[in-house]
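Shown next, in C-alpha cells, is the structure this report addresses.
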Amino acid sequence: MHLLWAGSRADEAAARIRGQSFVDGGILRTVRETRAAGEEALVEIGRRRLRSFLKHGVTTLEAKSGYGLSVESEEMLLRAAGRLAAEGPQSLVLTFLGAHVVPDERAAGDYLDEVCEVMLPRFRGLASFCDAWSDPGAFDAAQCRRVLSRAAELGYMLKLHAAQLAPGDGVRLAVELGAASVDHLHYLREGDARLLAMSQVVGVVCPGTAVNLRMATEGSARSLAGAGARLAVASDFNPGTAASENMCLTIGLACLELGLSPEEAVLGATINGARALRAHRRCGSIRLGKRCDLALLDAESYLEIPYRLGVNLVSATVCNGRVAHAA
Ligand SMILES: [Zn+2]
C-alpha cells in the first residue's frame, strides 16, 4: 500500500463514477501535491492514516514511496515513513517505488538512469523493498527488469505492480527475478496461474482498486486461487483508486467481487499478506515465537466479515502484545 501522499482526488473519483473524463488528474497530480506538502505535513498525514488503520485492525503495513519521483522528494517520503516506523505502534515495511511513472519533467530513459544509478544506491539503508509498475502508461517489462535487477544487486527485496490495466509479462518477470510479490493481476496470460502457483511469489489482489476501476471480475483471482497460487488481499491504499483503510470491507469485496472464499480472503489479509512483505516469520498468524499482533472482532466468527459487508468489526487491536486500540 501507498501510505504517504498529499491531497485528495475525490473530485476525480466522482468524475469516474459519473463516466466523465477528468483533465490533469492522475498520479502526477498527487506527485505535485506531495512535493509541495513537505516532510512535516506528510508525517502528520501518515500519523493520522496509521491511527485509522489501527482502528481497522491493521498491525503491519507497507509504505511505498513513488509520489515524489525525484531524488529529493523520494528521499523525503522514505525519511517520513522511517520516522513513522520509529514511532509505532504498528510495524512498517518501506518500499522504494521510484519506477511508478515517469515524472512530468523527464524523459523515461533519463529518469530510469537516475533511479538505477542515484536513487537505488542512495536509499539502500532506508527501504528494504524495491517495486516497479509494469503496465501501459507506466513502464514496460524490460524497463522494470532493469530497475529490479539493479535493486537485487544492491540487496533490495523485490515487488512488482503488473497487469492492472492490460495483460503483460509481469508474472513471468516476478517469478524470474524471485520477487516477494506481484500485485494487481487483473489480467492473466496463458500459463500465468500455474507459473505463479509453482513459485514462491505471492500474488496480491486489490479488491478496492478492482471495484473502483470496474475491473472486478471473478476471473483472474479465482483462477489464481484455483491453480493453488498463494494470494494476499491488500487495500492498495492510494489516492487514485483505493483510499480506504477498511480491511473488513477489503476482505468482503475479495469474496463478493473477486470470488475468493472467506478462508482464502482472511488468509490473504493475514499470513499471505505477511508473506508478500517477507514478514511471515515474525507476524501474520498466531504462533509461538511470533509477535503478538491481533485484531479482535465483535463478531461470532470471521464469516461475518463478508456477511456484514463494509462494517468495521474490529473492537480492539493488539500490537506486539499491547492493546494499541480499543473501541
Ligand atoms: Zn499499488
Side-chain angles (χ1 to χ4, degrees), residues 1-7 9 12-13 16 25-31 34 46 49 53 58 60-69 74 77-78 81 92-103 115 127-139 143-144 147-148 151 156-166 168 170-171 173-174 179-187 201-216 220-221 231-247 249-250 253-254 258 268-269 272-273 275-277:
M1 55 163 284
H2 309 255
L3 178 66
L4 294 177
W5 41 271
R9 279 161 50 198
E12 255 176 88
R16 193 165 53 235
I27 291 171
L28 294 176
R29 175 185 181 191
T30 301
V31 169
T34 302
R49 287 183 187 150
F53 274 108
V58 179
T60 297
L61 308 89
E62 184 195 23
K64 295 185 198 281
S65 67
Y67 289 105
L69 307 184
E74 284 293 300
L77 282 164
L78 292 171
L92 261 62
V93 174
L94 273 56
T95 298
F96 169 55
L97 177 58
H100 195 185
V101 293
V102 181
V115 167
S128 49
F129 278 91
C130 176
D131 193 351
W133 186 13
S134 172
D135 248 323
F139 297 96
Q143 291 169 322
C144 291
V147 171
L148 295 180
Y156 289 86
M157 296 177 281
L158 308 180
K159 292 181 156 290
L160 183 64
H161 275 63
Q164 182 183 346
L165 306 175
V171 169
L173 183 60
S181 75
V182 54
D183 308 4
H184 288 295
L185 304 176
H186 295 160
Y187 298 92
V201 183
V202 178
V204 181
V205 297
C206 306
T209 301
V211 169
N212 261 298
L213 295 177
R214 305 198 178 160
M215 285 173 165
S220 65
L231 289 189
V233 171
S235 68
D236 192 28
F237 184 80
N238 77 75
T241 54
S244 171
E245 306 93 317
N246 187 338
M247 279 308 290
L249 174 64
T250 300
L253 292 177
L258 303 185
N272 285 341
R275 208 178 287 278
L277 296 176

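As the structure is a prediction and not an experimental result, all values here were calculated from the model. Note that ligands are numbered from 1 as they come in the structure, with each ligand's atoms numbered from 1 the same way.
Under the salt bridge (Lys or Arg N to Asp or Glu O under 4.0 Å) criterion, Arg29 pairs with Asp11, Glu12, Glu33, not counting sequence neighbours. By the side chain to side chain donor-acceptor pair (under 3.5 Å) test, Thr60 pairs with Arg291, sequence neighbours left out. Residues satisfying the side chain to side chain donor-acceptor pair (under 3.5 Å) test with Arg49, not counting sequence neighbours, are none.
By the 30° and 60° cut-offs, the orientation of the rings of His161 relative to His184 is tilted.
Judged by distance alone, the side chains of Ser181 and Asp183 do bring a donor and an acceptor atom under 3.5 Å apart. Remark: the Thr209 side chain and the Asp236 side chain contain an N/O donor-acceptor pair separated by less than 3.5 Å.
Each protein N/O/S atom under 2.8 Å from the Zn ion (ligand 1) was counted, for a total of 3.
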